[in-house]
Amino acid sequence: MTTANKDKLSSARFSEATDAFVEIFTASVDFDQRMAQQDIQGSIAHATMLCKIGILTETERDDIFQGLKQIGEEIERGEFQWSVQQEDVHMNLEARLTELIGIAGKKLHTGRSRNDQVATDIRLYMRSEINSIIAVITRLQTALLDLAEQEADTIMPGFTHLQVAQPVTFGHHLMAWFEMLVRDKERLEDCLKRVNIMPLGAAALAGTSYPIDRELTSELLGFSRPSANSLDSVSDRDFAIEFTAAGSIIMMHLSRFSEELVLWASAQFSFIELPDAFCTGSSIMPQKKNPDVPELVRGKSGRVTGHLVSLLMLMKGQPLAYNKDNQEDKEPLFDTADTLNNCLRAFADMVPHIQAKPENMYSAAKKGFATATDLADYLVRKGIAFRDAHEVVGLAVKLGLESERDLSEISLAELQGFSALITEDVFDILSLEGSVAARQHIGGTAPDTVRAAIKTARAAYL
Ligand code: ARG
């Protein structure tokens with residue numbers, strides 16, 4: 001990276017050179033060079049359009065194409081000489097283009113400003129990031145569906161307040177995670193609609209006096225349409241805020257999922273075995289197998305929410321139209337995209353290797369009187385009001401606690417002591433299997449219902 005203060009941008013107007021520190025302080029090339037390929041894509045579309053409206057000759061246009069192609073290759077090979085003196089990715093590319101092809105390079109910026117250029121680059125960049133994040137969410141969803149199918153009959157305790165509440169199937173629990181990801185993906189798809197609008201042509205803020213064809217550039221770049229207002233085009237970053245908001249929700253979901261995996265993998269729960277390849281040992285305690293991947297994902301959720309707050313604060317005080325503040329949008333955005341891609345990838349790779357421990361899940365479900373509600377429902381079906389049934393079951397649970405027995409282990413005679421309406425058939429509903437099998441309505445935990453939900457989900461979302 002070169003920093004010599006010569007040929008600086010807009011130098012004709014200035015009588016003094018930029019302060020050396022200010023040059024570095026205001027530059028963005030260190031991070032916005034990431035959008036180089038998008039910048040090239042945008043310039044190719046812009047040059048095509050300028051030629052079509054007669055501002056560039058075909059030769060000039062072709063020279064620009066050729067120069068940009070070479071620059072793209074230099075960047076790919078890591079040979080491009082980035083310079084802080086050229087401030088940002090846009091000026092770096094333009095300077096190199098002019099070096100390569102001469103005067104035609106200087107004509108490329110006709111009818112365009114870095115303000116609409118950067119807004120276009122960010123949108124192109126985000127479009128491809130969002131599509132790749134959506135693809136990895138789908139991969140994680142597929143892994144969840146496969147595991148849920150495998151574990152459709154596996155009974156585990158369902159919790160409220162982290163206390164055993166009612167039995168559920170592990171397949172059903174996994175499908176809850178699948179559903180969250182359905183909404184996460186919808187949010188991104190919705191965000192993409194607003195990302196995919198083309199700001200190019202807004203120029204600095206007021207549009208341009210050239211007879212530009214924005215429909216053409218929009219089509220060439222695969223945008224759904226040109227933006228409707230030039231001032232809004234260069235100043236709007238709410239699409240980026242939306243993306244970090246959608247990203248924060250995804251990370252919040254992954255963080256909750258992580259928390260469960262960490263708990264379940266502990267010796268106290270021992271519901272699952274995480275794959276060795278996704279855990280690490282301790283430098284001092286030889287017996288340890290730490291669930292590092294879920295822990296790290298849980299930890300990384302904070303930075304994405306931080307980026308959401310950064311972008312909200314970045315925008316809240318800005319008058320129209322473009323302000324240099326906006327240069328601060330990129331690092332939060334890039335880090336949000338990286339964090340989402342990496343965390344989702346780690347989960348998509350890990351989930352297929354999660355091993356359930358059905359015996360432990362089953363005995364944990366047996367311990368917490370998980371079928372107490374089933375007994376109350378049974379009494380209601382025999383004609384008792386729910387509140388009274390609740391009372392009767394409370395007494396049965398008390399006896400179970402005192403004698404260290406599950407409800408299904410209490411004798412019929414003892415149960416009849418609490419209510420004469422109880423008969424032999426009570427044991428069908430007091431079993432964990434009976435409890436889950438009874439919940440067959442839409443959204444219920446019965447194994448067959450879960451299998452049907454998995455089938456519907458596969459057809460609808462994958
Ligand atoms: N590097 C700038 C950014 O990221 C590009 C736009 C600069 N425009 C300007 N008028 N200074 O926002």
Side-chain angles (χ1 to χ4, degrees), residues 1-3 5 7-14 17-19 21-43 45-46 71 75 80 82-98 106 108-127 129 195 197-208 221 227 230-241 243-244 307 310-337:
M1 189 93 61
T2 58
T3 56
N5 194 351
D7 299 332
K8 78 178 277 268
L9 178 63
S10 331
S11 59
R13 187 217 183 281
F14 290 81
T18 315
D19 177 272
F21 171 70
V22 169
E23 187 170 84
I24 294 168
F25 182 66
T26 53
S28 54
V29 64
D30 272 354
F31 49 87
D32 66 15
Q33 56 181 266
R34 216 198 241 238
M35 303 189 304
Q37 298 304 340
Q38 286 74 19
D39 200 70
I40 291 173
Q41 226 186 317
S43 290
H46 186 62
I71 292 171
I75 294 169
F80 191 88
W82 297 102
S83 137
V84 166
Q85 181 206 340
Q86 292 299 341
E87 194 178 319
D88 57 23
V89 61
H90 324 292
M91 296 312 302
N92 267 270
L93 297 200
E94 191 184 311
R96 176 69 180 140
L97 184 66
T98 304
K106 292 189 181 181
L108 174 62
H109 212 50
T110 313
R112 171 175 96 166
S113 152
R114 279 185 298 156
N115 298 353
D116 59 342
Q117 190 179 354
V118 70
T120 305
D121 292 359
I122 301 171
R123 285 168 183 266
L124 289 172
Y125 184 84
M126 277 183 59
R127 191 172 71 189
E129 290 294 321
V195 166
I197 307 282
M198 189 196 68
L200 196 61
L205 77 163
T208 172
L221 292 170
S227 56
S230 64
L231 294 166
D232 182 42
S233 309
V234 291
S235 71
D236 162 42
R237 294 290 183 275
D238 54 10
F239 65 91
I241 297 176
F243 171 65
T244 48
H307 296 326
S310 295
L311 291 185
L312 284 167
M313 293 306 107
L314 172 66
M315 295 313 293
K316 74 176 276 293
Q318 287 193 48
L320 293 180
Y322 176 87
N323 302 283
K324 181 78 167 179
D325 312 41
N326 281 345
Q327 186 164 291
E328 283 288 296
D329 64 356
K330 285 161 210 70
E331 290 159 293
L333 266 181
F334 296 159
D335 189 67
T336 298

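Whatever order the structure lists ligands and atoms in, that order sets their numbers, starting from 1.
Between the CD1 atom in Ile71 and the CD atom in Glu94 there is a gap of 10.0 Å [rounded to 0.5 Å].
Near Ser28, with a cut-off below 4.0 Å to any heavy atom, the atoms of ligand 1 are 1 (N).
For Glu87 and Arg114, the salt-bridge test passes: some basic side-chain N is under 4.0 Å from an acidic carboxylate O.
Among pairs with a residue in residues 232-241, those fulfilling salt bridge (charged side-chain N to carboxylate O under 4.0 Å, His left out) read Arg123-Asp236, Arg237-Asp329, at least two apart in sequence or across chains.
When the heavy-atom distances from atom 9 (C) of ligand 1 to Asp116, Thr26, Val118, Asn115 are ranked, the shortest goes to Asn115. Closest to atom 2 (C) of ligand 1 by heavy atom, among Met91, Gln327, Glu328, is Gln327.
When hydrogens are left out, the protein atom nearest atom 5 (C) of ligand 1 is Asp88 OD2, 3.4 Å; that is the closest non-hydrogen contact. Ranking protein heavy atoms by distance to atom 11 (N) of ligand 1, first place goes to Arg114 NH2, 3.5 Å. Tyr322 OH, 3.5 Å is the protein heavy atom nearest to atom 6 (C) of ligand 1.
Residue contact annotation: Lys330 has a non-hydrogen atom under 4.0 Å from ligand 1.
Between Trp82 and Phe80, the ring planes are tilted. Angles from 30° to 60° get that label.
No side-chain donor-acceptor contact under 3.5 Å links Gln327 and Asp32.
Enclosure of atom NZ in Lys316 is not indicated, since only 12 or fewer non-hydrogen atoms of other residues, nucleotides or ligands lie within 6.0 angstrom.
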